[in-house]
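Following: one structure in structure tokens, then a few remarks.
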Amino acid sequence: MQVREKIEQLTETFTPAERTLASVLLSDYPFAGLQSIQDLAKTAQSSGPTVSRFVSKLGYSGYQAFQQALIGELKEGQKSPIQLMATQKPFEEAWFAEFMRRAEMLMAEVATTISDAQFTRVCKLLSEPGPGLYMIGGRVSDGLAQYMFRHLRQFRPKVHHLPADPETWPGYVTGMRKSDILLIVDFRRYQVNLERLAAMTSSKRGCRIVLITDKWISPIARHAHEVLAVPIENGTFWDSYAGALSVMEAIMTRVAESDWNQAKQRIEQWDEYRQTLMPPSGPET
């Protein structure tokens, strides 16, 4: 179990001082826990002994063991397919049947990691008619961002996808307004330039960041308004994005349903224009 999960699980048992400490740790997770015990205590307006009792309550022998657990999570977040191959779980059944069984397990896990309340908050945020919605993903995960973008733009106005080339980003950033939304998809082997983009748009433009990431949590989380952490491990050397894709499809469906009359009109208009502008299917006459 991750440190974050232990903190969330034991929240009801914390003293007021420990709850403040937990809030400080979760607000800048896991980096807040990597500073010295004195600095952490100062940030939480607490004391060294309180921090020691807190990490002991979480099940760690001391602050050093607590930090080692956080460092271990950071390392997990940087593992490459080659490193994952060394820990691949053997397939006990027919290969394809076993792979699909693992996919089903991932899907079941998604339902327990994202609450109905958080899902509703995110959908409500993305359904707001005024703000613009900007989307981008990482080297591989941008395929998911583009998939979501291509659907949302059909029934929601002001939807934009940022190209992979960072040279183009300033043009998009300068067009962002306060309360606009930047949705970022970033899984392990996180991209530093995406975190910089999140920091800039949040601090300089006042944008709200929605992050879709994994359980090790992209550093972008420190700038995020909402963080959807989905399971990606399937016991092979490739992480699986099946769970993330399902979450995105659920969000797209819910957002469209939130104002179906507007969505229906926009889709009808979209299809009309598409049919007019698409190339002819046969030779010109």
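Computed from a predicted model, the values in this text were never measured in an experiment.
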Residues Leu228, Ile251; criterion side chain to side chain contact (heavy atoms under 4.5 Å, CB included); working and verdict: CA-CA 11 Å; Leu228 297 172; Ile251 290 173; 3.9 Å; yes
Given side chains that start at C-beta, do those of [X] and [Y] come closer than 4.5 Å, heavy atoms only?
X	Y	value
Leu133	Lys158	no
Met135	His160	no
Ser127	Asp259	no
Pro157	Gln262	yes
Leu40	Leu25	yes

Looking at [Y], is its backbone amide N or carbonyl O close enough to the side chain of [X] to form a donor-acceptor pair, meaning the two atoms are under 3.5 Å apart?
X	Y	answer
Ser46	Lys42	no
Ser202	Ala199	no
Gln38	Gly48	no
Gln67	Gln35	yes
Tyr190	Pro219	no
Arg102	Glu233	no
Thr213	Ser218	yes
Ser56	Arg53	no
Thr276	Glu272	yes
Gln154	Trp270	no

With the threshold set at 4.0 Å, does a side-chain nitrogen-carboxylate oxygen contact exist between [X] and [Y]?
X	Y	value
Asp239	Arg188	yes
Asp271	Arg274	yes
Arg208	Glu128	yes

Contact summary for Ala44 and Leu21, nearest pair of heavy atoms: CB-CD1, 3.7 Å
Residue pair Ser179 / Pro131: nearest heavy atoms and the distance that separates them: O-CB, 3.3 Å
Please tell me whether [X] and [Y] are part of a single hydrophobic cluster in this structure, the criterion being side-chain heavy atoms less than 4.5 Å apart.
X	Y	value
Tyr241	Val185	yes
Ile114	Leu245	yes
Ile232	Met107	no
Met100	Trp95	yes
Phe187	Leu106	no

Partner set under ring-ring contact (aromatic ring centres under 6.0 Å, His included) for Phe66, not counting sequence neighbours: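 Applying ring-ring contact (aromatic ring centres under 6.0 Å, His included) to Phe66 gives Tyr60, Tyr63.
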Results of ring-ring contact (aromatic ring centres under 6.0 Å, His included) for Phe155 - residues two or more places apart only: none
Verdict with supporting geometry, Arg101 and Glu104, salt bridge (charged side-chain N to carboxylate O under 4.0 Å, His left out): CA-CA 5 Å; Arg101 185 185 69 81; Glu104 290 175 4; over 6 Å; no
Spatial distance of atom [atom1] ([X]) from atom [atom2] ([Y]) [nearest 0.5 Å]:
X	Y	atom1	atom2	answer
Thr11	Leu26	OG1	CG	7.5 Å
Leu125	His225	CG	NE2	5.5 Å
Asp214	Arg189	CG	CZ	12.5 Å
Leu183	Met148	CG	CE	5.5 Å
Lys57	Lys6	NZ	NZ	14.5 Å
Arg266	Arg153	CZ	CZ	10.0 Å

Ring-face cation contact, Phe31 with Arg222, 6.0 Å cut, 45° max: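 Yes, Arg222 lies over the aromatic ring of Phe31.
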Over 12 non-hydrogen atoms of neighbours within 6.0 angstrom of [atom1] in [X]:
X	atom1	answer
Glu5	CD	yes
Glu268	CD	yes
Asp116	CG	no
Gln64	CD	no

Polar side chain donor-acceptor pair, Ser36 to Asp39, under 3.5 angstrom: yes
Side chains of Asp142 and Gln146, donor plus acceptor under 3.5 Å: yes
Residues clustered with Leu211, ILVMFWY side-chain links under 4.5 angstrom: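 When side chains under 4.5 Å apart are linked, the cluster holding Leu211 also contains Tyr134, Ile136, Leu162, Trp169, Tyr172, Val173, Met176, Leu182, Ile184, Leu194, Leu197, Met200, Ile209, Ile217, Ile220, Val227.
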Intermediate values then yes/no, side chain to side chain contact (heavy atoms under 4.5 Å, CB included), Thr20 and Phe14: CA-CA 9 Å; Thr20 300; Phe14 292 155; over 6 Å; no
Side chain to side chain contact (heavy atoms under 4.5 Å, CB included) assessment of Ile7 paired with Phe54: CA-CA 9 Å; Ile7 293 173; Phe54 178 82; 4.2 Å; yes
His151 and Tyr147 aromatic ring geometry - parallel, tilted or perpendicular at 30°/60° bounds: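 Correct class here is tilted.
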